[in-house]
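Start at 1 and go down the list; that is how both ligands and their atoms are numbered. Just so it is clear, the model here is predicted, and its values are computed rather than measured.
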Amino acid sequence: MATILMVASEGLPFVKTGGLADVIGSVPAALTEQGHEVSVIMPFYKKIKDKYADRFNEVFTFESEYTVSIYYREIPVRIYSSMVEDVKYYFVEHAGYFERDGLYGYGDDGERFGYFQKAVLEMLHQLNYWPQIMHCHDWQSGMIPCMLKECHRDDYRYSQIKTVFTIHNISFQGNFDASILTPCLGVPYYLYENGAVRFDTGISFMKSAFVYADKITTVSPTYSQEILTPQYGEHMEGILNMRRYDLWGITNGIDIKFWNPKTDPDIYENYDLINVKEGKKANKVALQKEYGLKVNPDVLLVGVVSRLTWQKGFYLMMEQLSAICASPIQVFILGSGEGQIEHTFRNLEEGNKGKIVFYQGYNEALAHKVYAASDLFLMPSLFEPCGISQLCAMRYGALPLVRETGGLKDTVEPYNQYDKTGTGFSFEKYDSVDMMNKLNDAIDLYYNNPEDWDMLMQNAITKDVSWHKSASIYTTLYKELLD
Ligand code: ADP
Ligand code: GLC
């Protein structure tokens, strides 16, 4: 069994902006159950410090202090740690780089995460902790395989470490000006000149990972095929095709102890398979009352919990607003993101009080309530590496209506009226009429064939969305690397 250090930019229970945090908060425990020793390292963001401000010393332990060189200056690093059950989380502290309101999206992100990765590699030496595998997630840790192989190759303690790089979203690549390569990252400039870390006219953290990582994974089998094509590859398909024999698609799971309608403290009323129908109605009525929807336990409630970005396919919804408003449904949208989408949803709520609610923002507890109360969960993504939300929806008996892409295709089994199988609904083409037709099919089934609807709900709530199967596949992957 392997000693693994996961390097990531966010993770529960400490900090979350999206599905990556769900993964980093749950896959280590699943791997630990398989016998691996797993640790995680991430930046010590302001958000984490704020969250634990009143019990900082209880939660965090100071581990070490040292410096790394950035632009020829020695910049201090402080490492803290915290145990969550059997998993050790490390944090890289630097006030200037990480104590800001947000996590990413700053002009100096290349420098911030360059510093982070250098600090991570130096920590191994400082703590004399040598994992067999460094498992890096997304561009924020994408330079580590390159740094290990190019900057530490003469030190056997580093050179024997194997690397895995997981793509959670290929549209965020960490592309920067080549001028940061040597003075900031400490990576020799000829690696830009010979093309190894070059992408277009600059450097790319993600592309470097595709060149140097021993194995590459992404978060569903379908997405692993899609990213080999120009339609989904975001200009990385060429290099990925060269590495396609090392590219694995491993579907995400969720923490089924945390996401459990039977025990979830955030929902209005707990329920399980036995009383899912009544339980969901009780949650629906409570949500309707709290957020000003017309109280009616029998109306079909459609839920959305999402970042409101082009990735998630909301432009399809925006093309069908009048049809949606004319349908015998209620809609609850929880999310924030692009101004145009927010603006449209705000107007939609204004014109449809009692029928449509748009809650703008990020609200963890409310997300749980929406999964519990909704009958249908809408996720018509343009692309979706895996998707965590549809897994949560199924776990709470809300049937996902999805576009057949990436992990949505792999995890949502469409309703089959002949053999009475399925856990949701799906459509193939990125086309708003197709989406609306599928929504109409779902509405028809809900009102006119409640037996089949109940069967789908039972299928969804009993579907295995845990990490169990996928943790074994990661084990096979790690084993292949170490054998
Ligand atoms: P992505 O990571 O691309 O945003 P995923 O479906 O993988 O999409 O994961 C989204 C995660 O973030 C889910 O756990 C979902 O419940 C949560 N989430 C998304 N938007 C919100 C929000 N506005 N409030 C609370 N939770 C949210
Ligand atoms: C990204 C993807 C999402 C995936 C998540 C976790 O945010 O957009 O599809 O579920 O990462 O892997």
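- Considering backbone and side-chain N/O of Cys386, one or more are found under 3.5 Å from N/O of ligand 2.
- Ligand 2 places these atoms under 4.0 Å from at least one heavy atom of Asn169: 8 (O).
- Looking only at heavy atoms of the protein, atom 24 (N) of ligand 1 is closest to Asn363 N, 3.0 Å.
- Using a 4.5 Å heavy-atom threshold, the side chains of Val87 and Thr32 count as touching.
- Taking the six-membered ring for Trp and thresholds of 30 and 60 degrees, Phe113 and Phe98 have ring planes inclined between 30 and 60 degrees apart.
- Considering only non-hydrogen protein atoms, atom 22 (C) of ligand 1 sits nearest to Tyr362 CD1, 3.4 Å.
- What you find for Cys325 and Asn352 is that their closest heavy atoms are SG-ND2, 3.5 Å.
- When side chains are defined from C-beta on, Tyr415 does not count as touching Asp441, because their heavy atoms never get closer than 4.5 Å.
- For the pair Thr229 (side chain) and Glu226 (backbone), a donor-acceptor distance under 3.5 Å is present.
- For a threshold of 3.5 Å applied to N or O pairs, the pair formed by Cys392 and ligand 1 contains no separation below that value.
- Side chains of Ser381 and Gln311: no donor on one and acceptor on the other come within 3.5 Å.
- Counting atoms of ligand 1 from 1 in the listed order, those under 4.0 Å from a heavy atom of Met379 are 6 (O).
- A donor-acceptor pair under 3.5 Å links the side-chain atoms of Asn363 to the main chain of Leu366, judged by distance alone.
- Put simply, the side chain of Thr218 never gets that close to the backbone of Gly249: no donor and acceptor are under 3.5 Å apart.
- Atoms of ligand 1 found under 4.0 Å from any heavy atom of Gly387 (numbered from 1 in listed order, with element): 6 (O), 7 (O).
- At under 3.5 Å, not a single nitrogen or oxygen of Val305, backbone or side chain, sits near a nitrogen or oxygen of ligand 1.
- Checked by distance only, ligand 1 and Ala367 stay at 3.5 Å or farther apart across all their nitrogen or oxygen atoms.
- Lys369 forms a cation-pi arrangement with Tyr268, by the criterion of a distance under 6.0 Å to the ring centre and an angle within 45° of the ring axis.
- The single protein non-hydrogen atom nearest to atom 15 (C) of ligand 1 is Tyr371 OH, 3.4 Å, given as residue, atom name and distance.
- In this structure, atom 2 (O) of ligand 1 lies nearest to the protein heavy atom Gly19 N, 2.6 Å.
- Short contacts between ligand 2 and Gln311, defined as distances under 4.0 Å to a heavy atom of the residue, involve ligand atoms 8 (O).
- Defined by atom type and a distance below 3.5 Å, a donor-acceptor pair is missing between the side-chain atoms of Asp410 and Tyr223.
- When heavy-atom distances to ligand 1 are checked against a 4.0 Å cut-off, Asp22 comes that close only through its side chain, counted from C-beta outward.
- Nearest protein neighbour of atom 12 (O) of ligand 2, counting heavy atoms only, is His168 ND1, 2.6 Å.
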(request) Go through the steps for Phe91 and Phe14 under the test ring-ring contact (aromatic ring centres under 6.0 Å, His included), then give the verdict. (result) CA-CA 10 Å; Phe91 301 90; Phe14 299 99; 4.9 Å; yes
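- Proximity to Asn252 (heavy-atom distance under 4.0 Å) selects the following atoms of ligand 2: 6 (C), 10 (O), 12 (O).
- Heavy atoms of Lys312 found under 4.0 angstrom from ligand 1 belong exclusively to the side chain.
- With a heavy-atom cut-off of 4.0 Å, Cys386 does not touch ligand 1 at all.
- Of all the heavy atoms of Glu10, none lies under 4.0 Å from any atom of ligand 1, so neither backbone nor side chain is involved.
- Checked for salt-bridge contact, Arg346 and Glu342 meet the test: a charged N lies under 4.0 Å from a carboxylate O.
- Residue contact check: Gly335 has heavy atoms under 4.0 Å from atoms 23 (N) of ligand 1.
- Between Thr17 and ligand 1, not a single N/O pair is under 3.5 Å apart.
- Between the side chain of Tyr106 and the backbone N or O of Gly102, at least one donor-acceptor pair lies under 3.5 Å.
- At the shortest separation from atom 7 (O) of ligand 1 among protein heavy atoms lies Ile388 N, 3.1 Å.
- Listed by number with element, the atoms of ligand 2 under 4.0 angstrom from any heavy atom of Ile388 are 10 (O).
- A donor-acceptor pair shorter than 3.5 Å cannot be found between the side chains of Tyr89 and Ser81.
- Short contacts between ligand 1 and Arg307, defined as distances under 4.0 Å to a heavy atom of the residue, involve ligand atoms 1 (P), 3 (O), 4 (O), 20 (N).
- Under the 4.0 angstrom criterion for non-hydrogen atoms, Gly387 is in contact with ligand 2.
- Inspection of the Gln360 and Ser336 side chains reveals no N or O donor paired with an N or O acceptor under 3.5 Å.
- Using a 3.5 Å distance cut-off with no hydrogens or angles, the side chains of Glu111 and Tyr97 do pair a donor with an acceptor.
- At a 4.0 Å heavy-atom cut-off, ligand 1 touches Lys16 through the side chain alone.
- Contacts between Ser389 and ligand 1, counted as non-hydrogen atom pairs separated by less than 4.0 Å, involve both the backbone and the side chain.
- By the 6.0 Å and 45° rule, Lys49 stacks over the aromatic ring of Phe44.
- Heavy-atom contacts of Leu20 reach the following atoms of ligand 2: 5 (C), 6 (C) (cutoff under 4.0 Å).
- If you number the atoms of ligand 1 from 1 as listed, the ones under 4.0 Å from a heavy atom of Gly361 come out as 22 (C), 23 (N).
- Remark: ligand 2 atoms within the under-4.0 Å shell around heavy atoms of Val23 are 6 (C), 12 (O).
- For atom 9 (O) of ligand 2, the closest heavy atom belonging to the protein is Glu384 OE2, 2.5 Å.
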